[in-house]
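Right, one structure below, let's go through it.
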Amino acid sequence: MAAYRCKCLGLWFFLYTLLVVDIDADVLHTAQVTDTEYTGADAETVLASDLPNPPQDTGEQTAEQTTEGQQDRQWEATEVQEEHGHDASDHHQAVDPPSFPPAKDDFKEELVIRPLHSGDIYASFQFRTVWDTDFMGEQKVSHYRLFPKSLGQVITKFSVRELHISFTQGYWRTMQWGQPYLPSPPGAELWVWFQDTVTDVDGTWKELTNVLSGIFCASLNFIDSTNTVQPSASFKPLGIGNVTDHSFLRYATLPREIVCTENLTPWKKLLPCGSKAGLSVLLKSEKLFHSTFHSQAVHVRPVCQDPQCRTTSMELRQTLNVVLDLHTSGQGKREWSLFKMFSRTLTEACPLASSSKVYVDITDNPQGEQFELSPATPLLTQAVVLGDRRTYSVYDLTQQATFGPSRSLNTLLRWKSTDGDMLRPLLHSERYVAGYGLQAGEIHTLMYNNHPYRAFPVLLLSTVPWYLRLYIHTLSVTSKGKDNTPSYIHYQPSKDRERPHLLEMLLQLPPNSVTEVTVEFERALLKWTEYTPDPNHGFYVGSSVISALVPSVVAMDTDNTLERPLFSSFFPCKEEASYFMRIYTEPLLVNLPTPDFSMPYNVICLTCTVVAVGYGSLYNLLTRTFQVDEPSPGLAKRIANVVRRMRGVPPL
Amino acid sequence: MAAPLTLLLIVAVTIRAALFRSSLANLISARVEVVSPLNAWKRVVEGLALLDLDISPYSGDVFHETPMVIYLFHFLVDYAEITFMLADCLTAVALYLAVKDYNKQVFRKQKFELEADRYPMDCLELIRSPTEMYYIPLKVAMVYLLNPFTILSCVAKCTCGLNNAVIALFILSTMRGSALLSAIFLALATYQSIYPLTLCVPALLYLLQRLYIPVNVRRSSFWIYTLQYLFMFLGSLFVLVGLSFFLLGSWDFLPAVYGFILSVPDLTPNIGLFWYFFAEMFDHFRLFFLCVFQINVFFYTLPLSIKLKEHPVFLIFMQIALIAIFKSYPTVGDLSLYMAFLPVWNHLYRFLRNIFLVSCVLLACSALFPVLWHLWIYAGSANSNFYYAITLLFSVAQILLVSDYFYAFLRREHHLTNGLYLKKKDGSEATLVLK
């Protein structure tokens with residue numbers, strides 16, 4: 001009993017850290033913008049003394065290393081200061097005229113370009129609208145400015161606290177591309193936290209999926225109880241609010257969903273500038289869908305309005321990630337420009353945006369030996385993203401100077417060398433189905449911890465449809481050849497045609513190891529009407545979700561030769577000791593045994609015949625009695641007898 | 001007679017123990033002919049694992065055993081192999097003793113009839129001799145224990161073996177005339193799988209016959225005894241269900257066990273008629289045909305009881321056989337129970353019409369099951385129709401077997417009253433037909 005309690009305690013502690021770090025990571029992620037925005041006039045002085053210092057330090061370090069030609073680079077920290085002042089004045093202007101409504105909204109857009117060592121290129125768009133309004137308040141929200149009305153109404157009607165929806169085509173290759181800024185599984189994923197005032201969560205969820213299906217032109221209406229689960233630990237609210245009662249959470253994936261233009265158009269319509277100005281002019285479907293990976297998402301969550309978190313704002317974050325292939329989109333040349341990637345160039349920022357920037361990841365290219373970036377930009381910024389300190393070149397689209405004399409920005413990125421390798425991701429995973437035949441099988445999930453000396457905890461969530469009957473007693477977890485007992489298991493067995501299997505467990509991945517989770521399943525034979533129109537294509541099983549607290553790369557630095565004060569280096573842990581990360585495994589494609597679809601009438605007839613044979617033979621024996629057989633006379637004799645009877649002669 | 005029986009038990013246990021230790025055990029326990037979703041050992045283990053995880057085993061759709069079974073194996077899971085071997089031995093011994101009692105009684109009745117000179121003169125060759133009847137109980141035990149179907153079922157640890165043991169004990173206690181034990185075992189069998197409910201009528205008929213109470217609706221003694229038996233039966237059934245409720249703390253097991261048996265949601269292939277029929281059924285007819293097929297199992301009880309009211313033991317055999325053929329999740333273990341009774345009807349052999357054909361079909365089908373399964377599931381060169389065809393043929397063969405024995409039984413009874421060599425009015429040899 002005591003052991004069980006300890007386990008529970010451990011779990012709660014883990015969940016708590018997960019939650020905190022989750023929010024932390026997110027704040028870090030947008031460090032450049034959010035900090036300045038949330039800080040009111042009071043915090044200004046604090047920022048002025050605190051914030052610029054660390055970048056300046058590193059700036060000096062880099063400055064020592066850089067060559068003469070790059071002396072003109074300057075760190076963006078000062079720029080941030082300016083912008084912050086700008087922001088504040090904006091705010092004053094907004095407050096001054098009394099005709100403006102008190103709720104203010106703000107829109108920012110940015111594009112991050114990360115050149116990948118494989119020669120591919122990763123572009124990530126983020127559009128963020130923050131609106132200081134309370135959808136759940138007494139007053140009905142009816143005046144919309146930047147926030148899309150269609151979503152606002154959905155949030156109000158269905159009492160949504162948080163909404164995360166993503167549509168993805170293609171699978172993110174972690175080993176080749178590193179970590180994405182925003183992970184998403186292939187197909188469609190939807191998870192929603194409802195307000196705790198909702199009484200019929202399942203009913204609301206059903207309606208919500210149907211409405212979203214209409215808004216995004218997707219088959220979200222196929223989400224029903226057979227593919228919806230309530231994860232107990234893996235999906236915590238990303239916004240503020242410490243609701244942890246997971247009965248208000250619903251999670252569903254549609255791994256088979258195909259994402260195309262008809263999903264992009266409604267997604268673009270949610271943007272304040274549509275696709276007419278700003279970064280969104282680059283979103284042309286003919287290029288976006290001619291890519292190896294395409295993912296678009298909408299995240300709605302409540303965020304703090306001020307540092308004290310007295311009031312909340314609604315944040316809508318629209319993201320679009322795309323990986324363009326070296327060979328299909330780049331024609332094999334290791335040279336990328338905005339025009340080549342999107343067949344458009346940038347000419348202006350969205351007029352409604354308070355900030356509009358293009359970032360290019362140049363961390364691996366401090367001296368410009370890997371690739372050449374033109375036009376060169378003097379602005380640099382650093383951010384800790386996914387536990388790694390990265391350096392970015394920044395193009396600020398709100399500055400006219402960015403566009404140069406040609407009045408358009410066409411950032412060009414030309415590779416100089418093909419060598420150099422990516423830092424191996426600390427956590428990645430694989431999943432496959434083992435076994436042969438259509439009777440049974442095994443799902444194997446492999447999780448790699450590539451950290452040289454630190455173990456870290458992961459939460460594994462798998463949702464398996466009911467027609468693959470899992471046998472939980474066959475669950476085995478091994479790492480380094482030894483059993484690795486999960487410290488927490490949440491298992492919900494499936495109900496036929498009602499709900500899927502849900503398996504969630506907390507595991508500790510030992511350093512530098514592969515952890516293998518296997519579970520056996522049995523394939524069910526379905527009714528002939530339950531098969532998809534292409535039954536022999538197979539059935540999809542959605543991606544498993546791995547949520548982990550990964551030790552950060554910054555903390556992995558064990559190089560003792562570095563010049564560093566002695567008092568700072570005794571204990572190995574540092575500020576960002578670990579960060580939250582979520583990765584998705586491959587979806588599975590599983591074949592099921594099929595009946596013959598052309599046979600229903602035949603089968604009904606044949607089986608009924610057999611039952612009738614049984615019934616008939618017993619009926620015969622039950623109702624009839626044995627009698628001596630008097631063979632009936634032949635036809636000729638009978639006719640003769642009739643004639644004889646007419647003649648009055650005795651019959652034969 | 002004890003020595004051969006002991007030897008038989010030792011041989012049977014040795015065969016099973018050897019198979020348990022061999023690599024075949026895993027293969028056998030995955031065969032769909034041997035285990036069904038209702039009684040697979042893998043699912044029992046899954047139920048136990050769910051209990052260990054503090055999840056109700058009935059919250060999912062994998063476990064469909066009764067609460068008694070799961071609590072039995074909660075303690076016996078480490079001795080499962082011994083339990084199943086013991087269950088088989090128990091069944092064999094119970095059948096042995098039951099058939100021995102039955103034979104004694106048949107012989108006594110025959111002697112009485114002979115003394116009363118009730119048999120026609122030419123029927124002497126139909127009279128059964130003690131030497132011929134002497135080895136029948138041992139043959140019954142042997143047919144049960146050495147039947148490949150029983151062995152497979154035991155090695156797969158199919159809980160069907162336990163149900164067979166309960167039914168065998170029910171038959172034994174009925175033969176011994178113990179109404180209370182008979183009612184308790186019948187309740188246990190019913191609790192395990194509903195269908196043995198129909199055995200209530202033959203047991204009652206047998207017990208009435210034993211006490212010389214005529215089956216007459218106008219006699220109060222008949223009604224008193226019937227109500228007494230039914231009360232004992234329903235009472236013990238109620239106690240069992242109530243006990244399960246207290247063990248589990250919820251009624252979840254009712255839909256998970258009985259709802260599952262009656263509504264057939266799991267269409268995993270088996271040797272029965274239900275799976276493919278309901279996989280191919282049109283949705284709006286499903287309920288109708290479900291009712292028809294389930295009523296079909298229970299339907300034969302009444303007419304058979306009327307026809308065979310003088311012969312309750314043959315009625316038990318007919319009922320067990322019909323249940324095994326028409327139940328929703330049949331396995332070969334169910335077959336082995338009624339096949340064990342075939343030696344009891346050895347004297348009907350001369351009247352069987354197509355026993356050769358039926359045995360060939362049964363043998364051929366048994367061999368073809370794994371072949372066609374392999375072709376469908378593993379090789380992919382056949383489809384479900386192939387396997388379905390074999391299940392159909394297997395069912396037809398079983399139906400012919402049972403109706404053939406029924407025919408032979410009725411015909412022998414006819415001859416015992418009307419003489420063996422019938423003559424036509426004109427003195428020539430007559431043939432007997434059903435009219």
Side-chain angles (χ1 to χ4, degrees), chain A residues 436-440 466 469-475 489-498 501 520 522-530 593-597 599-604 606-611 613-631, chain B residues 30 32 42 45-46 48-50 53 55 59-62 265-269 273 275-283 289 293 296 300 303-304 306-307 322 325-326 376-378 380 383-385 388 392 395-396 399-400 403 406-407 410-411 414 418 422-425 430-435:
Chain A
Y436 65 102
L438 297 177
Q439 190 176 10
W466 66 266
R469 300 203 169 88
L470 287 191
Y471 286 95
I472 194 70
H473 71 269
T474 60
L475 177 74
I489 292 188
H490 171 73
Y491 177 64
Q492 188 194 41
S494 69
K495 273 266 184 213
D496 283 6
R497 298 168 183 94
E498 264 174 50
H501 302 270
E520 283 177 27
E522 212 173 76
R523 297 163 210 245
L525 181 76
L526 309 182
K527 294 178 199 164
W528 71 302
T529 47
E530 286 170 339
T594 51
D596 186 341
F597 295 100
M599 285 267 290
Y601 285 103
N602 303 358
V603 169
I604 292 170
L606 288 171
T607 309
C608 285
T609 308
V610 171
V611 173
V613 165
Y615 177 81
S617 52
L618 285 174
Y619 178 83
N620 242 342
L621 293 164
L622 284 166
T623 52
R624 300 187 185 191
T625 50
F626 285 102
Q627 276 168 21
V628 174
D629 182 29
E630 298 287 351
Chain B
V32 284
K42 203 176 178 185
V45 177
E46 177 72 7
L48 291 171
L50 288 177
L53 284 173
I55 304 167
S59 65
D61 243 342
V62 168
D266 192 324
L267 304 171
T268 311
L273 294 168
W275 65 278
Y276 205 53
F277 187 70
F278 287 104
E280 295 273 9
M281 179 49 66
F282 300 100
D283 268 344
F289 276 105
F293 271 50
N296 181 46
Y300 301 106
L304 278 178
I306 293 168
K307 187 91 177 176
L322 288 175
I325 298 167
F326 290 122
W376 173 27
I377 296 295
Y378 294 100
N383 69 7
S384 45
N385 294 341
Y388 165 67
L392 271 192
S395 298
V396 170
I399 289 168
L400 288 183
S403 57
F406 190 30
Y407 168 83
L410 291 179
R411 177 141 183 206
H414 180 82
N418 297 339
L422 298 170
K423 295 266 177 347
K424 271 196 243 179
K425 276 177 238 159
T431 48
L432 208 56
V433 289
L434 276 173
K435 267 184 185 168

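Remember, predicted model here, so these are calculated numbers, not experimental data.
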Quiz item: Between B:Ser59, B:Ala49, B:Ser403, B:Pro303, which has the largest tally of heavy atom pairs under 4.5 Å with chain A?
Solution: B:Ser59
Quiz item: For A:Leu475, is it the side chain, the backbone, both or neither that has a heavy atom under 4.5 Å from a heavy atom of chain B?
Solution: neither
Quiz item: Does atom OH of B:Tyr378 have more than 12 heavy-atom neighbours from other groups under 6.0 Å away?
Solution: yes
Practice problem: Over 60° means perpendicular and under 30° means parallel, so classify the ring planes of A:Tyr615 and B:Tyr300, tilted if in between. | Solution: tilted
Self-check item: Toward chain B, the part of A:Thr609 with a non-hydrogen atom under 4.5 Å
Solution: neither
Quiz item: Checking heavy atoms, do the side chain of A:Glu530, its backbone, both or neither come under 4.5 Å from chain B?
Solution: neither
Quiz item: Among A:Thr529, A:Ile489, A:Leu606, which residue forms the greatest number of heavy-atom pairs with chain B at distances under 4.5 Å?
Solution: A:Leu606
Quiz item: Highest number of heavy-atom pairs under 4.5 Å with chain A: which of B:Leu322, B:Ile399, B:Leu273, B:Ile377?
Solution: B:Ile377
Quiz prompt | Selection from B:Leu50, B:Asp266, B:Leu304 maximising heavy-atom pairs under 4.5 Å formed with chain A | solution = B:Asp266
Practice problem: Return the minimal non-hydrogen interatomic distance between B:Ala279 and A:Leu526, and the atom names on each side. | Solution: CB-O, 4.0 Å
Exercise. Name the region of B:Leu434, side chain, backbone, both or neither, that has any atom closer than 4.5 Å to a heavy atom of chain A.
Key: both
Quiz item: Which of these passes side-chain contact (heavy atoms from CB on, under 4.5 Å) with A:Pro493: B:Val62, B:Ile55, B:Asp61, B:Leu53?
Solution: B:Ile55
Quiz item: Is the ring centre of A:Trp528 less than 6.0 Å from the ring centre of B:Tyr276?
Solution: no
Quiz prompt | Portion of A:Arg523 that has a non-hydrogen atom of chain B nearer than 4.5 angstrom | solution = neither
Quiz item: What residue in B:Phe289, B:Trp376, B:Phe282, B:Trp275 has the most heavy-atom pairs under 4.5 Å with chain A?
Solution: B:Phe282
Exercise. Flag the one option from B:Asn418, B:Thr268, B:Asp283 with the top tally of heavy-atom pairs under 4.5 Å to chain A.
Key: B:Asp283
Quiz prompt | Atom of B:Phe326, atom of A:Gly614 and distance for their closest heavy-atom approach | solution = CZ-CA, 4.3 Å
Quiz item: Is a donor on one side and an acceptor on the other found under 3.5 Å between the side chain of B:Glu280 and the backbone of A:Tyr601?
Solution: no
Practice problem: Under 4.5 Å heavy-atom distance to chain B, tell me which part of A:Glu520 shows up: side chain, backbone, both or neither. | Solution: side chain
Quiz prompt | Options A:Val628, A:Asn602, A:Asp596, A:Val613, ranked by heavy-atom pairs under 4.5 Å with chain B, top entry | solution = A:Asp596
Quiz prompt | Qualifying residues under ring-ring contact (aromatic ring centres under 6.0 Å, His included), relative to A:Phe597, sequence neighbours excluded | solution = A:Tyr531
Exercise. With sequence neighbours left out, write down each residue that passes ring-ring contact (aromatic ring centres under 6.0 Å, His included) with B:Tyr407, or none if nothing qualifies.
Key: A:Phe626
Self-check item: Atom of A:Thr607, atom of B:Phe277 and distance for their closest heavy-atom approach
Solution: CB-CD1, 3.5 Å
Self-check item: Closest-packed option against chain B by number of heavy-atom pairs under 4.5 Å, given A:Ala524, A:Pro595, A:Ser617
Solution: A:Pro595
Quiz item: Any idea which of B:Asn385, B:Leu400, B:Asn383 has the most non-hydrogen atom pairs under 4.5 angstrom with chain A?
Solution: B:Asn385
Quiz item: Picking from A:Val610, A:Leu618, A:Leu622, A:Asn620, which has the most non-hydrogen pairs under 4.5 angstrom with chain B?
Solution: A:Leu622
Exercise. Please tell me if the side chains of A:His473 and B:Glu46 come closer than 4.5 Å, counting only heavy atoms from C-beta onward.
Key: yes
Self-check item: chain B interface, residue from A:Leu621, A:Ile604, A:Asp496, A:Thr623 that has the most non-hydrogen pairs under 4.5 Å
Solution: A:Leu621
Self-check item: Contact winner vs chain B - A:Arg497, A:Glu498, A:His501, heavy-atom pairs under 4.5 Å
Solution: A:Arg497
